[in-house]
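First comes the structure, then the notes that go with it.
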Amino acid sequence: MKNIVVLVSGGGTNLQALIDAQENGIIKNGRITCVISSKHDVYALERAKNHNIKSKVIARKDFNDSVEYSRAILEALNEEKADLVVYAGFMTILDELVVKAYPNKMMNVHPALIPSFCGKGYYGLRVHEEAIAKGVKITGATVHFVTEVCDGGPIILQKAVELNDDDTPEVLQKRVMEQAEWKILPQAVSLFCDDRLEVRDGRVFIKN
Ligand code: GAR
């Protein structure tokens, strides 16, 4: 059974999708052992509490710089003996010292089809604002392994979502979450826990 640590910063709907997948038996070979939030008083912490999952707040604002903050996160991950670390709406970029300690063991869900609308500055609603402004007809979500390049790691799963002419960023965000993120994130976690993901030459292959 793999220890899954989920990193959050906000509402935690992706965390909820993981909790539901665990409770419904979609994730069989892993357990969420700890939720770590980069902010105090976010709803994701309530979700953990409601399901008796341990949580910790390691607030970004309590640290001077990214390296100091990343060291604190790394210490917590080591303490939890994390086998998999999931960024579920985690809005802080960590120093590469964390990624180097957990190579191909950290995954992130991004609300667009990478390599579109990704990289530094593209997070949350901003991603959907840009997709609408550009007039793309299709967007979606991506789950990828985290590397030192922001949103640049090997892609595990993607799912496309169509835009409507009258979409607002909020409406589009909700559709992308419902139709893509909440589906592919639990799926990717399940594949990882079943040892079915193999990374070769920067690409992810799913083993049968
Ligand atoms: C989600 O749409 C997630 O993909 C996005 O923030 C939202 C968090 O929602 N993450 C990023 O933009 C990271 N670059 P949640 O807290 O309800 O899961």
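Since the model is a prediction, treat every value here as computed from it, not as a measurement. We count ligands from 1, going down the list as the structure has it; atoms in each ligand are counted the same way.
The atoms of ligand 1 that sit less than 4.0 Å from any heavy atom of Tyr122 are 14 (N). Taking every heavy atom of Gly124 and a limit of under 4.0 angstrom, the matching atoms of ligand 1 come to 11 (C), 12 (O).
For Arg175 (side chain) and Ala180 (main-chain N/O), no donor-acceptor pair under 3.5 Å exists by modelled atom type. Checked by atom type and distance alone, the side chain of Lys159 never pairs as donor or acceptor with a backbone atom of Thr142 at under 3.5 Å. A donor-acceptor contact shorter than 3.5 Å is absent between the side chain of Glu80 and the backbone of Asn3. Checked by atom type and distance alone, the side chain of His110 pairs as donor or acceptor with a backbone atom of Phe117 at under 3.5 Å.
Checking only distances, Gln173 never comes within under 3.5 Å of ligand 1, N or O to N or O. Among the atoms of Asn14, some N or O lies under 3.5 angstrom from an N or O of ligand 1. By the 3.5 Å distance cut-off applied to N or O atoms, Gly12 is counted among the residues near ligand 1.
Looking only at heavy atoms of the protein, atom 9 (O) of ligand 1 is closest to Met177 CE, 3.4 Å. Shortest contact from atom 17 (O) of ligand 1 to any protein heavy atom: Thr13 OG1, 2.6 Å. Nearest to atom 6 (O) of ligand 1 among the protein's heavy atoms is Met91 CE, 3.1 Å. Counting protein heavy atoms only, atom 8 (C) of ligand 1 is closest to Gly89 CA, 3.6 Å.
Between Glu181, Gln16, His110, it is His110 that holds the heavy atom closest to atom 14 (N) of ligand 1.
Residue contacts with ligand 1: Val127 is excluded, as none of its non-hydrogen atoms falls under 4.0 Å.
For the salt bridge (Lys or Arg N to Asp or Glu O under 4.0 Å) test, no residue two or more places apart in sequence or in another chain qualifies with Glu148.
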With a 3.5 Å cut-off and sequence neighbours excluded, list the donor-acceptor pairs that the side chains of residues 61-68 form with protein atoms.
unit_1, atom_1, unit_2, atom_2, d
Asp65, OD1, Val67, N, 3.2
Asp65, OD1, Glu68, N, 2.8

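Judged by the 6.0 Å and 45° rule, Arg126 forms no cation-pi pair with Tyr123.
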Is there a side-chain hydrogen bond (donor to acceptor under 3.5 Å, both in side chains) between Asp20 and Gln16? Walk through the geometry before answering. CA-CA 6 Å; Asp20 293 347; Gln16 189 66 54; 3.1 Å; yes
